[in-house]
Every structure is written in structure tokens, then in C-alpha cells.
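Here is the structure we will look at.
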Amino acid sequence: MNHDVWSAVSADINARRNLNLRELFAHDPDRARRFTTEAAGWTLDYSKNLITPDLMKSLVTLAKASDLKRWIDALFSGEAINATENRSVLHTALRNLSTNPVFVNGNDVMPDIREVLGKMAAFSELVRKGKWLGHTGKRIKSIVNIGIGGSDLGPAMAYQALKPYAKSSLKLYFVSNVDATHLAETLKKVKAGQTLFVVVSKTFTTQETMTNAENARAWLIGKLGREAVARHFVAVSTNAEAVEAFGIDPANMFGFWDWVGGRYSLTSAVGLSLMMAIGAKNFTKLLKGYYKMDRHFSTVPFDRNLPVIMALLGILYSNGYGAESYAVLPYDQYLARFPAYLQQLDMESNGKSVDRDGRRVTSATGPIVWGEPGTNGQHAFYQLIHQGTRLIPCDFIGFCKSHNPIGDHHDKLMANCFAQTEALAFGKTAAECRAEGVPEELVPHKTFEGNHPTNTLLADKLTPETFGALVALYEHKVFVQGIIWNIFSFDQWGVELGKVLASKVLAELSAKDTPPLKHDSSTNALITRYREARA
Ligand code: F6P
């Protein structure tokens, strides 16, 4: 973070410590309009935040001082901004619906992207129309996506989000956990002759994915014989050699590139199973939504730029108020997995404590992301948000129209959404409690301090397009924060140590003879206890 600028911004924040949302709204009838902005089908109302116009201007200086515009250009133009892996970061090229080329090392990557999208579309149509037949001549009815992290969360979350657009005769399943239960319970639901396994792994070496893929293959061979593999397994990967070594025909491999980060890969071939479910046309609409948000992000001034505004508000609370987390609260059951998806997107990107010069950061970086769909969360953890001791900024996400217009469900759902942001912002004073006749001893318990900040994101309807724009919005928000914090958002070295140690421990757990254990006393004891129980 640029310390001189942050000192000035931080002084501005501190000078406004006593901002009170009741007063701010009372004094400015235009506040909601002033702090509402729109892009790609989304309206962001950020008026219920602890901000004034001046404070927003001050926060924008932070973005400018971080050279954000130059970084955005670098992102979109394929500069190798993933410096620790010496890679470009070009998920935006995947949904570049313009005719503009995008260069990596002097080569336009757009023809390859279009070719893979075309291959995905052709294959998806074959499967959807029942023309891609299984080994025994039957049409495919179940698709099992085997992947983990970015090779799972994106398509799994999006499949759930876009269920109303999915072909009902085709069921998608997602197997990610190396816990055999995940695979076993899924295999109970499908028939070998009508199942297509899509093995998704950028590296094609990930332990969990390869273990699941190998055992899925063994299951299939057990049911239909070795020759069946070719009709029942396809791969999505950057590693053609490993795909072939696994036994998947390279013709049935859908490629992508090292400049697509796992958690940013949904619009690459990683979206293949999603495309099979919703069809190529809807997938293109999804890309259009992403593209619209990309255009907005890369062209609109910071003070009207949704990802930039949301990033700055996040920094206000993380760095200005010491908030440790933020909650994402979709008022839409179809977005139930969206918080889980955002956990990887945000926490794997910005969970860093070293800056771009390799020095220990001096201010907080990526927050903890969590959330559940409304209204379920209201009956679980909202108590803490309303009356607990921690500051938890929240993003409320909702739609004006439902895909399931049954009775008054939707009005009730959205009434709760809007009411929660009102209650969080304005609370209920002790005087109001007393005026309602609340007994004096209960007044402290029934008082709501309010002043809890929220954003509300509202769109007409959950469609492939609005959904794509929503995901791109958060991708760019995370990017902006990484730039301002001066950290690298596109590597994930923090996941490596555990992987290396696990392979050592694995050898010790499965060794025939008691292995000499050289860990700490706790790890040694756990391994010993496990081995004894398994003996
Ligand atoms: O968890 C680390 C990670 O590398 C993620 O970044 C990635 O999405 C996931 O593992 C899966 O990796 P792959 O697609 O190579 O199997």
C-alpha cells in the first residue's frame, strides 16, 4: 500500500469515525441516488456505508496513487503481471467478444480461444442432442465433473446458479474431495453406460483430482471394460502429455493456457460441463455478461466504477476499521454456492502477507469471506452482525424477478433483503424501545446500535448475462484490492507446503513396517494413533 497516500486517507477516515448512517441519511435526501451506480444490468446501492462524498474522493486517491489505471491496462493487455510465476493473467481474453486481438509474447491468443470455444460448443451439442453415445450405444444422461478448487468451484457454483437454463434430462455431478465418500456417493447415482466423466485439472497432477479420476476410471472399466474409457472420459487441461498418459484421447481434450488462473477459469474450457448443461448459446450470454463488466471496469472512471468502489469500501473497513471479514448474502437460492466460490477467488488471491517487493506487508490484506443465502442466514448468524462486537460489512445480492414465481415467496424474500439492510444501517435506539413499552431491564438487549455498513446489488433477474457480470465484478474487485495492497493476487504459493508434507505423511500412513517418524511430537503421535487403529 502507498503509505503516504494511505496516511492521508487514513486521517480522513479517522476524522469521520463518528459518521452515523441515521444522520447522514437525514441530512442528505439525495444520498441514495448519490451513492448508487449501475453497470451490466446491476445496480449497486452503496449509500448504507460509512462514507461521505469527500471520503469517497479520498479513497479514490488511493486507487490513483496505486497506478490502478496502468495496472488495469496491463491486466487486459496480457503483461506478465503474475510475476512470481512469470505469466500473463488473461481471463478477460476468454470473454473478449470484440474483434480486438490480445497478445501474449507477440501472439494473438484470440484465435485459439475461439477454436476451443467452438470445439466445446460442438461437443456440447453432440452430448445434449444424444449424438455422443456411450460405449454401449446409450445416450449420456449424467456428467461427472472431477476437479478441485478452480476446476470445481466455478462450474459447480455456476451450474447451481443457472439451473433454470440447464437441460433437465442431463444431470451434472461434481466430485472434488479426495474423501472417497464424494466419489462413492456420486457413483451410486449414475449408470456407467450413460455417464460422461469430465476430468478437469489445469496441471493434471493434482492429487485429489487424479485419485478421483483413476478410481472413476477403474469403476467404469469394472462395469464396461477398458475399451469404454474413450467414450466416457474427456479432459480439460493445459497438460496434453499427462492427459494422454492417463488414457484419454487428446482429441477429447479441451485445452486452456497457463495464463488462465484456476480460480479465474470458469469461462475457459473449465466451463465445459456447465456448457453441456446450459448449451452454447447460454454460455455465450454468460460471456457477454462478463464482457460487459470487463468493459465497464476498464473504461469507466473510478468514482462510478463498481469493482473499484466495492474494492475501496472493502479497504475502508479492512484497513480503516480493522474489519476481519465480510459476508456475502445472496437472496437467491440459486446462488447458494456463490460465497464458497468467492472464498477461493478472494482468499486464494489476496491471502498474502508479503508485498510485490518481497517485504512483509504492514497493513492487513485479504479479508475472510463467508456467507449463506438469505433468509437462512438470518436465522443463524445475523444476530452477531446486528448485535455482536465485530464489524462485518455485508454484500446483499438480490433480483427483482424470480424464476419460481410461486405465491408471494419472492416479495417476502426481497422484503427481508431490503429490511435487513435497513435494520443494520439504522438500528433501533433505546428511546424507540422505551416508546414501544419495552421494560427497562430489557432495553439494552432490544436496542440495535445500527450503523452496520452494507452494499446492495440488485439486478432484474438471474440470467446467464447478469450472473457473468456478477462474477466479473468480484474478480475485478479482488484485483483492485491486490493492486492497492501491493501484493501479487495471481499466485498461490501458500497451498504448496501442505501438499508436500501430505505426500510424506501419506507414505508413513501406508508404510508396511513402522516408519521412523521425524515430525514434531504432535504429528508423530497422530500418525502413530492412526496406524494403530488401522493395524
Ligand atoms: O489449491 C491450489 C490450486 O492450485 C488452485 O489454485 C487450483 O484451482 C486447484 O489447486 C486445482 O488445480 P488443478 O486445476 O491444476 O487441478
Side-chain angles (χ1 to χ4, degrees), residues 120 123-124 127-128 140-192 194-204 206-220 232-237 246 248 252 254 256 260-279 282-283 286 330 332-345 348 372-373 464 467-468 471:
M120 288 164 64
F123 183 73
S124 296
V127 172
R128 285 167 65 81
I140 298 298
K141 287 199 171 163
S142 305
I143 293 166
V144 180
N145 188 97
I146 299 179
I148 196 164
S151 299
D152 166 76
L153 283 164
M157 180 278 290
Y159 174 57
Q160 189 159 341
L162 299 177
K163 265 275 171 65
Y165 300 87
K167 197 175 175 71
S168 57
S169 57
L170 211 50
K171 288 255 172 320
L172 258 61
Y173 301 89
F174 292 85
V175 174
S176 51
N177 198 338
V178 77
D179 182 343
T181 301
H182 207 175
L183 179 65
E185 288 298 331
T186 304
L187 295 181
K188 281 182 197 165
K189 296 178 198 147
V190 301
K191 292 197 172 89
Q194 298 195 292
T195 300
L196 179 71
F197 293 92
V198 184
V199 185
V200 186
S201 175
K202 182 173 169 180
T203 53
F204 229 73
T206 303
Q207 184 197 52
E208 294 88 338
T209 301
M210 296 327 295
T211 307
N212 279 318
E214 279 154 18
N215 288 310
R217 184 182 54 188
W219 173 84
L220 184 91
H232 292 271
F233 272 81
V234 300
V236 174
S237 187
F246 180 87
I248 294 176
N252 296 332
F254 299 80
F256 62 117
V260 182
R263 53 196 174 273
Y264 297 87
S265 65
L266 174 59
T267 53
S268 71
V270 170
L272 178 63
S273 46
L274 175 70
M275 190 193 268
M276 286 191 263
I278 65 171
N282 280 320
F283 199 85
L286 172 82
D332 192 300
Q333 193 60 30
Y334 288 123
L335 290 181
R337 291 290 286 162
F338 191 54
Y341 170 81
L342 286 184
Q343 284 177 331
Q344 189 199 11
L345 178 69
E348 204 173 68
E372 274 289 317
F467 171 72
V471 181

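Residue numbers count from 1 along this sequence.
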Do you know the tightest heavy-atom contact between [X] and [Y]?
X: G154; Y: L266; value: C-CD1, 3.6 Å
X: L220; Y: A192; value: CD1-O, 3.9 Å
X: S142; Y: I140; value: O-CG2, 3.5 Å
X: G271; Y: F283; value: O-CE1, 3.6 Å
X: M275; Y: R128; value: O-CD, 4.2 Å

Run the side-chain contact (heavy atoms from CB on, under 4.5 Å) check on F174 and S273 step by step: do they pass? CA-CA 10 Å; F174 292 85; S273 46; 4.1 Å; yes

Do Q344 side-chain atoms and G150 backbone N/O form a donor-acceptor pair below 3.5 Å? yes

Expected output: side-chain D152 to main-chain V175 donor-acceptor under 3.5 Å: no

Using side-chain heavy atoms (C-beta onward) and a distance below 4.5 Å, is [X] in contact with [Y]?
X: V200; Y: S237; answer: no
X: L153; Y: R337; answer: yes
X: L172; Y: N145; answer: no
X: V144; Y: V198; answer: no
X: L196; Y: M276; answer: yes
X: V199; Y: V236; answer: no
X: Y159; Y: I278; answer: no
X: Y334; Y: L162; answer: no

Euclidean distance, [Y] [atom2] relative to [X] [atom1], rounded to 0.5 Å:
X: F256; Y: L272; atom1: CZ; atom2: CG; result: 11.5 Å
X: Q160; Y: D332; atom1: CD; atom2: CG; result: 10.0 Å
X: S201; Y: E208; atom1: OG; atom2: CD; result: 9.5 Å
X: F197; Y: I248; atom1: CZ; atom2: CD1; result: 11.0 Å
X: K188; Y: L183; atom1: NZ; atom2: CG; result: 11.0 Å
X: I146; Y: H182; atom1: CD1; atom2: NE2; result: 10.0 Å

Could you tell me whether the side chains of T206 and T203 share a donor-acceptor contact shorter than 3.5 Å? yes

Ring-plane angle category for F254 and F123, please: parallel below 30°, perpendicular beyond 60°, tilted otherwise.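 Tilted.
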
Carefully, step by step, assess T267 and V260 under the rule side-chain contact (heavy atoms from CB on, under 4.5 Å). CA-CA 10 Å; T267 53; V260 182; over 6 Å; no

For Y173, which residues count as a ring-ring contact (aromatic ring centres under 6.0 Å, His included) partner, sequence neighbours excluded?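 With neighbours one apart ignored, the set is empty.
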
Could you go through T195 and K141, starting from their C-alpha distance and side-chain angles, then the distance that decides it, and tell me whether this counts as side-chain contact (heavy atoms from CB on, under 4.5 Å)? CA-CA 6 Å; T195 300; K141 287 199 171 163; over 6 Å; no

Within 45° of the ring axis of F246 and under 6.0 Å from its six-membered ring centre, is that where the NZ or CZ of R217 lies?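 Ring-cation test returns yes.
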
Among all residues two or more places apart in sequence or in another chain, which pass the salt bridge (Lys or Arg N to Asp or Glu O under 4.0 Å) test with E348? R263

Please lay out, stage by stage, how F467 and N282 fare under the test side-chain contact (heavy atoms from CB on, under 4.5 Å). CA-CA 11 Å; F467 171 72; N282 280 320; over 6 Å; no

